[in-house]
There are 4 protein chains.
Amino acid sequence: MSNALVAVMPGPGVDGRPRPCELRELPLPDLEPDSALLKVELSEVCGTDVHLRDGRLSGVPYPIIPGHVSVGTLERIRGTVHDVRGRPFAEGDRVTFLDVHRTCHACWYCLVARASTRCPHRKVYGITYGIADGLTGGWAEYIYLKPGVHCIRLHGVASELYMAGGCSLPTALHAVERGEVALADTVLVLGSGPVGLSTIGFSILRGAGRVLCIGAPDERLEHARCMGAEDVLNFTRHTPSDRIVWVLQHTEGRGTDVTIECTGAPAAVTEAMQYTRDAGRVVVVGQYTDHGDTSFNPHWDLNRKHLDVRGCWGSDYSHFHRAIEMLRTPRAAALWSGLKLERYTLSQVNEALAQVASGRTVKALVVPTT
Amino acid sequence: MSNALVAVMPGPGVDGRPRPCELRELPLPDLEPDSALLKVELSEVCGTDVHLRDGRLSGVPYPIIPGHVSVGTLERIRGTVHDVRGRPFAEGDRVTFLDVHRTCHACWYCLVARASTRCPHRKVYGITYGIADGLTGGWAEYIYLKPGVHCIRLHGVASELYMAGGCSLPTALHAVERGEVALADTVLVLGSGPVGLSTIGFSILRGAGRVLCIGAPDERLEHARCMGAEDVLNFTRHTPSDRIVWVLQHTEGRGTDVTIECTGAPAAVTEAMQYTRDAGRVVVVGQYTDHGDTSFNPHWDLNRKHLDVRGCWGSDYSHFHRAIEMLRTPRAAALWSGLKLERYTLSQVNEALAQVASGRTVKALVVPTT
Amino acid sequence: MSNALVAVMPGPGVDGRPRPCELRELPLPDLEPDSALLKVELSEVCGTDVHLRDGRLSGVPYPIIPGHVSVGTLERIRGTVHDVRGRPFAEGDRVTFLDVHRTCHACWYCLVARASTRCPHRKVYGITYGIADGLTGGWAEYIYLKPGVHCIRLHGVASELYMAGGCSLPTALHAVERGEVALADTVLVLGSGPVGLSTIGFSILRGAGRVLCIGAPDERLEHARCMGAEDVLNFTRHTPSDRIVWVLQHTEGRGTDVTIECTGAPAAVTEAMQYTRDAGRVVVVGQYTDHGDTSFNPHWDLNRKHLDVRGCWGSDYSHFHRAIEMLRTPRAAALWSGLKLERYTLSQVNEALAQVASGRTVKALVVPTT
Amino acid sequence: MSNALVAVMPGPGVDGRPRPCELRELPLPDLEPDSALLKVELSEVCGTDVHLRDGRLSGVPYPIIPGHVSVGTLERIRGTVHDVRGRPFAEGDRVTFLDVHRTCHACWYCLVARASTRCPHRKVYGITYGIADGLTGGWAEYIYLKPGVHCIRLHGVASELYMAGGCSLPTALHAVERGEVALADTVLVLGSGPVGLSTIGFSILRGAGRVLCIGAPDERLEHARCMGAEDVLNFTRHTPSDRIVWVLQHTEGRGTDVTIECTGAPAAVTEAMQYTRDAGRVVVVGQYTDHGDTSFNPHWDLNRKHLDVRGCWGSDYSHFHRAIEMLRTPRAAALWSGLKLERYTLSQVNEALAQVASGRTVKALVVPTT
């Protein structure tokens, strides 16, 4: 075996219209020192993959192999690859890895601002690495783990359980940390896609007294309940002013302590500010691509409310690490294990993209077979 | 003497148009237990007073006596009035006082959220107290300090020096605290009115490496320089995109670490987000009345920037206390002592309001004579 | 009925030896405006009560009626008593109340330091109020809720469930907040008395990945497991160096992220520092009385570890409020509902004190009958 | 020229007694890719160097070339060395550099705890690098800046001004950040050596209302005043209880808001706790070697005070960067420019060590000549 089967996303055509992914065979790499080859067991299709298909992200080196978070086994290691405890990995170990690579630890953002998710040198597997960089995405039989990639042991966490959250785990955990959810807080999650669902889960795990969710469609809202949401609202059937009334009814008339926006819709950011109580916190984690502007009233929605509005970009190693540590506990495993998974082969990724785009799927996994 | 001369603001007429303040005589109060009568030495005209004249604030019980921050001497005390150390004040003591009264310490905002500036029971001298509540504003010979008002000794701080900052001191100190200005940060202050100028001063005192100011007119910008701004820009002579270029040129291309909006213009809030570096902080303290909406791009201006945007409403006792403690140091006194003061009598308050509204004055004080 | 049966603690005798509590009848008070009479349903005997019996606290106005946290129904209200939402309580409502009274909101600690648990004016029911202040403790048929006491509705939380935690709930919640327990942290709780057990519970609820407990005796450690501790160690059967080895074995050799000391033994504070990983947090909440000194090495145990050691004194309203909000959730109720309760009448409080002092009881409640 | 003159510290002899440093010539290195050779202009002798001489630090690979913070010009660069903005350095540039090297950014402390100063892989020039690692200390004509060393431009900051602070700058700035000194706080600095003096300076720059210093001898205390201390106390002439009285007299009877221990004496840590007000902060930055234990009362000194005690270990790039940014401002330059500097050649380093050990010198610099 010297080739790997992969699904390649060509990016939009010259007419700007999305083009379908295609199966290709790419050669396995010669491993550099202290690198490894991962045999993919499961990858996923997330909302960012739909944006990638549609050309909504800048700086993407098409053609790419999508799939930024994956799980698999280390097929081959050259030299040594360590975990954060300094223990070497062995061939055969089941791992995932931090999709972010090449954070430089040498620039102003890394060293002075300590804002490593804004390091301009970082590269992300499946997004800002393309096939010119090798096997750098999870929709593939193999991924090349370049030197410096941080692998993480899954211990007893089943691959399926981990991928039920997948890339939403570090994103949601980061958002919940940034929201400083406190014991007994009421948390409102806007959006019921994978990030929204995981945000519900981590809010519960961090001690929210009550989690509410506004999203759609109904099936996803059912999953929101399973993840711990006490009450849910289908936004497609309620006007914005209805939604505010609903939130106030659930919060003794004050609004929520923390609102976490996971939708992708610009207007949801303004609504998040309006749903939140005075001196509360809004976390914006759903605006990963440019969907346009939104307007708000800085007197009523921000200054007079003494509100905190916090953008939340990217994840770092700690978010992956802590997410997996949590999944090792039965109370966390119970939350994500109820999510409905749909499996797609490499030949079916276009269909998977369509399903994810439509919101009809809860969680789409990729199994790297044909 | 049993009457006090006051300037009364009637509020807008039925046609919604501002009406001028008028001189009146009001009876001195019978002091309740543990209350006091303050003989006013100096009060001020601030931007909020212009908004009050124009009817831009809600919940104002016109007619009112404006002047929320003032300094004077305790003419008469009934019972005991203590400072925060528990020492009783004596008649003849020179003091200022926390203009916020009746924070309840019993509601959800006070006790659970610990957000006392959002306590719905608080009343503010000169703003939400009116003449029906007695002598409750500083444009007057006397102010009635009701039971529970927190008086603060001025120690050696000259009345003029204190009033050079006046109500902008606690507001600006609060904003700078909320911005968590760190040693060597570059801070951008939007606005060069009294709040902007004091924000420059406190940013310097808190260790900003460099403070920039965008404001107008030129005379105020000269004062911005005296308060410590390293460079200033007159926004009336530069387009928004020029302004961004100017900020980037002064920040090695990154944007500022902290931007503090003190303008009152909604668009300034969006610009503040754009002027600020990734993972920086924006404080919004200039939107004390509703001047309309602004729009922004939540992807580019917030989420991708991993930005913090923080509303900052009101002040509490600590802000007054710390501001006065700072003014006792020569390095702080040197900053505010250079501000140009203009004095107006009670008969001249309408003129003073016009001057403040126009931005032509730096700081307008009220001397309670005719 | 015009009298209330109470158990009075006389305090130590002239020889310094503890004296037993005695039953007495005290007259019911004439209610001041906006006060109430609480008919006690359940009170408790906690470790502080043992210290009170033994004269280990300063400033106690013996004789006192112990029992600082209690639950009951409002028998009589004069005027209005509000909850934090501003809704009036009605006679017959089942409530608990913040045992801390008269926090002044006017002193330097309240207003400048915002450290209200260090306000020198505060009084605590059952501890620093004595019978000279009226019916001010829970070992009684009735408690007089003076004007300004903050009552809290129990909603659907059963009185027994609430009192299973009792005064340990706000104390432990405060400690866990102060420890900033993060998702997936390993938390070590020292002590398995009521505060230790509740600290385990809130650590789990706040998202600890794993909680360990070192305490005694074995029966309490069994309850520690039920509250969520993954592993426990009986300190009476292991030397200090054994204990360190045990902690390191459970933490990949690093020590715990957060250690919360709930023991009362001075040496436990030094051990807490040694059990904790570099750059971790130690919370000291078990040193409510003076049990003597402890020594430590500031190079190895503190500076080189870049450690945070945080004293944690008292509680405020928010801790009671949030604790009750949490108990309304099934996942919190499940934790405390397993605690073994022992009931004592007013005639049996001396026996209860002996049991609590011995550590043989898990939780001792007081039923105000004979 | 192919050799560099250096002062080598052999470390203690087999009898444990300190041995003097000796002059040696070492070959200049062959530069690895992306490394540089720094021609030393100034280095320094700090308290840690005395501890190194005396063998008080563990893990030191004697013989070493001391001098961890230095300034000089880049004599030769192989490949590229960048600043944090990504701009390459040129030969002839005047720079200093972060003495900490090889922080791994791959271990649990770096990635999960984000406590990079506790990374076990870090090496420090002049301390944990020895001559076996090459020209790795500042008491030398040249220093080898290995690949990955972070150089920092000095811009217009004079070398003398920078070295007047030297290694105390990042240490003190870190301590002041960790103490969260707030506007108008009263800060007490224990110790008047270089770290103490710089801590006074940064406390002033961060907005302390008042800084006090307890130290010795009198000459250093004079410098403490020049750095901004409002009042000073020579601890050798006052008993511990006198010292407490003095602190209370200067703090309205409460104790200081923040106390920063920079002494090296274990007992000073306990005293720091006692000097600090309830709910204040203590930073321990003076215990860089093991000088033994200290004892304290965890009830009175910690728990009841609701105190924060924070160890502060090492520095990272940001502390150097921000310190230099501050020195570019006239108000910071004015503080450090008054410090009395004593210069020693490489032949005189033993004398310099003796002077520093005695406390008779304020700041000892090393000029790399004979």
Side-chain angles (χ1 to χ4, degrees), chain A residues 34-36 79-89 96-122 145-153 155 170 173-174 177-178 314-326 328, chain D residues 34-36 79-89 96-122 145-153 155 170 173-174 177-178 314-326 328:
Chain A
D34 301 333
S35 73
T80 318
V81 178
H82 288 106
D83 66 14
V84 289
R85 292 175 61 186
R87 296 172 310 180
F89 286 99
T96 185
F97 64 98
L98 174 63
D99 56 345
V100 179
H101 190 219
R102 287 190 12 200
T103 301
C104 77
H105 305 299
C107 72
W108 192 91
Y109 279 103
C110 283
L111 291 184
V112 181
R114 296 188 190 119
S116 70
T117 71
R118 296 306 300 137
C119 169
H121 301 96
R122 49 183 243 148
L145 303 180
K146 296 169 182 259
V149 166
H150 297 294
C151 290
I152 316 173
R153 293 175 203 284
H155 302 282
L173 190 146
H174 190 183
E177 279 187 351
R178 190 126 166 81
S315 320
D316 67 23
Y317 178 85
S318 77
H319 305 117
F320 279 77
H321 188 97
R322 290 182 184 274
I324 292 169
E325 288 296 307
M326 287 312 292
R328 296 173 73 180
Chain D
D34 300 332
S35 73
T80 316
V81 178
H82 287 105
D83 66 13
V84 290
R85 293 175 60 186
R87 297 172 310 180
F89 285 99
T96 186
F97 65 98
L98 175 63
D99 56 344
V100 179
H101 189 219
R102 288 188 15 197
T103 301
C104 76
H105 305 299
C107 72
W108 192 90
Y109 278 102
C110 282
L111 292 184
V112 181
R114 295 187 192 123
S116 70
T117 71
R118 297 305 301 137
C119 169
H121 301 96
R122 49 181 243 150
L145 302 180
K146 296 169 182 262
V149 165
H150 297 294
C151 290
I152 316 172
R153 293 175 205 281
H155 303 281
L173 191 146
H174 189 183
E177 279 187 351
R178 191 127 165 79
S315 320
D316 67 23
Y317 178 85
S318 77
H319 304 116
F320 278 78
H321 187 97
R322 289 182 185 274
I324 292 168
E325 288 297 305
M326 287 312 290
R328 296 173 73 180

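So you know, we letter chains A, B, ... as the sequences are listed, proteins then strands, and number each from 1.
- With chain D as the partner, the residue from R114(A), R85(A), R322(A) showing the most heavy-atom pairs under 4.5 Å is R114(A).
- Once rounded to the nearest 0.5 Å, the distance linking CD1 of I152(A) with CG of L111(D) reads 9.5 Å.
- Of the atoms belonging to H150(A), it is side-chain heavy atoms, and not backbone ones, that fall under 4.5 Å from chain D.
- For a residue to count as touching a neighbouring chain, one of its non-hydrogen atoms must lie under 4.5 Å from one of that chain's; by this rule H82(A) does not touch chain D.
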